[in-house]
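Working notes, structure below.
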Amino acid sequence: MEENVQTTQNGVTEPTAEAPANTQPPAAPAEAAQVDIAKLEQIVQERLEKSGEKIFREMLEKKNLDTDTVNQMTAEWRSKQQTPEQAMQELQGKLSASETKYTALEQKFLAVGKGIPADKADDYIALANARMIDGVTFEDALSKALETFPINKPKNEVILPPSGPVDVPTKEVEYKTKLAEAREKKDNFAAIKIKQEAAREGIILN
């Protein structure tokens, strides 16, 4: 390895100082262009819609329809297309309506199971729903509504004894046991059915 030397006036050779190395850091690469994800998704969605419209239009043209009819049917098809957000909102609306219908039906069964006539069930259900505050369940609220506004039996109603020998205490215990099991399993429909069967035999369960 060669060394840089210099000769002084006295004839003495001395090594020359080396030039300092370039210690500056390399230039930073240019920042990558930021990708607009939302814009990219919009472009993809538009291309998919155009692709679907093109396929639909080609199917109509293969049926030898005139241009005006093809244009009209294509426009109608385009107006009915939904974005993913619109489809999700529609699905959520249908699920909400189904849940509301299911809840109303379940409440009706509970009301009838407690001996409320079907023509008065809606009134008691409304009262019970109004009392459902601070963690009160619908069934408890319905019981409170019955306590406040008991069902009045017709004055001329004659209550006849059972037509045959019925072991009421044994039957009552049996129904109560079944009802307790259904409630433990949180099976409301089974509980309603048990109450209805008991009511037909003159046994009222709470």
Side-chain angles (χ1 to χ4, degrees), residues 37-38 41-42 44-45 48-49 52 76-206:
I37 300 299
E41 291 179 349
Q42 181 182 357
V44 172
Q45 182 65 27
L48 289 174
E49 291 174 356
E76 291 176 358
W77 177 89
R78 190 188 308 117
S79 66
K80 294 178 181 179
Q81 302 310 301
Q82 292 181 319
T83 64
E85 291 78 9
Q86 291 172 332
M88 181 60 69
Q89 289 177 356
E90 182 179 352
L91 178 60
Q92 289 175 344
K94 290 180 179 179
L95 288 175
S96 179
S98 298
E99 290 176 358
T100 301
K101 187 176 181 180
Y102 173 82
T103 300
L105 182 61
E106 184 180 27
Q107 291 179 346
K108 192 94 171 193
F109 273 120
L110 283 169
V112 173
K114 285 184 174 291
I116 300 174
D119 59 339
K120 297 182 179 179
D122 290 339
D123 295 334
Y124 280 89
I125 288 171
L127 286 171
N129 282 325
R131 293 169 178 261
M132 288 177 64
I133 56 175
D134 297 333
V136 177
T137 64
F138 174 79
E139 189 169 1
D140 291 340
L142 188 61
S143 298
K144 291 291 184 182
L146 278 169
E147 291 176 6
T148 307
F149 303 99
I151 300 294
N152 295 322
K153 296 181 179 179
K155 294 181 179 179
N156 298 328
E157 181 182 6
V158 178
I159 301 177
L160 299 175
S163 58
V166 178
D167 189 2
V168 175
T170 303
K171 284 285 186 180
E172 185 174 354
V173 172
E174 180 181 350
Y175 281 121
K176 284 184 176 180
T177 302
K178 290 181 179 180
L179 182 60
E181 292 175 352
R183 285 176 174 172
E184 186 177 357
K185 296 178 181 178
K186 296 182 179 181
D187 190 346
N188 290 331
F189 281 110
I192 293 170
K193 187 176 180 182
I194 291 168
K195 288 182 179 181
Q196 290 175 340
E197 291 176 357
R200 283 195 289 268
E201 296 192 26
I203 302 171
I204 305 301
L205 301 176
N206 293 324

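Residues: numbered from 1 along the sequence shown.
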Would you be so kind as to tabulate the donor-acceptor pairs closer than 3.5 Å made by side chains of residues 123-130, with sequence neighbours excluded?
| from | atom 1 | to | atom 2 | distance (Å) |
| --- | --- | --- | --- | --- |
| Y124 | OH | F149 | O | 2.5 |
| N129 | OD1 | Q107 | NE2 | 3.2 |
| N129 | ND2 | I125 | O | 3.2 |

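- Taking a 6.0 Å sphere around CZ of F109, one finds it holds 12 or fewer heavy atoms contributed by other residues, nucleotides or ligands.
- Of all heavy-atom pairs spanning M132 and A141, the tightest one is CG-CB, 4.0 Å.
- For D140, the side chain to side chain donor-acceptor pair (under 3.5 Å) partners two or more places apart in sequence, or in a different chain, are T137.
- With sequence neighbours excluded, the residues satisfying side-chain contact (heavy atoms from CB on, under 4.5 Å) with P117 are D119, K120, I151.
- Side-chain atoms of K114 and L142, non-hydrogen and from C-beta on, do get closer than 4.5 Å to each other.
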Name every donor-acceptor pair, under 3.5 Å, that has one atom in a side chain of residues 95-105 and the other anywhere in the protein, sequence neighbours excluded.
| from | atom 1 | to | atom 2 | distance (Å) |
| --- | --- | --- | --- | --- |
| S98 | OG | K94 | O | 3.0 |
| T100 | OG1 | S96 | O | 2.9 |
| T103 | OG1 | E99 | O | 2.9 |

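- For E181 and K185, the salt-bridge test fails: no basic side-chain N is under 4.0 Å from an acidic carboxylate O.
- Take K108 and apply the side chain to side chain donor-acceptor pair (under 3.5 Å) test, not counting sequence neighbours, and it matches D122.
- Residues S143 and R131 have side chains that never bring a donor and an acceptor to within less than 3.5 angstrom of each other.
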Atom pairs and distances, donor-acceptor, side-chain atoms in residues 188-198, under 3.5 Å, two or more places apart:
| from | atom 1 | to | atom 2 | distance (Å) |
| --- | --- | --- | --- | --- |
| N188 | ND2 | E106 | OE2 | 2.7 |
| K195 | NZ | E139 | OE2 | 2.7 |

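- The distance from atom CD1 of I204 to atom CD of E172, rounded to the nearest 0.5 Å, is 10.0 Å.
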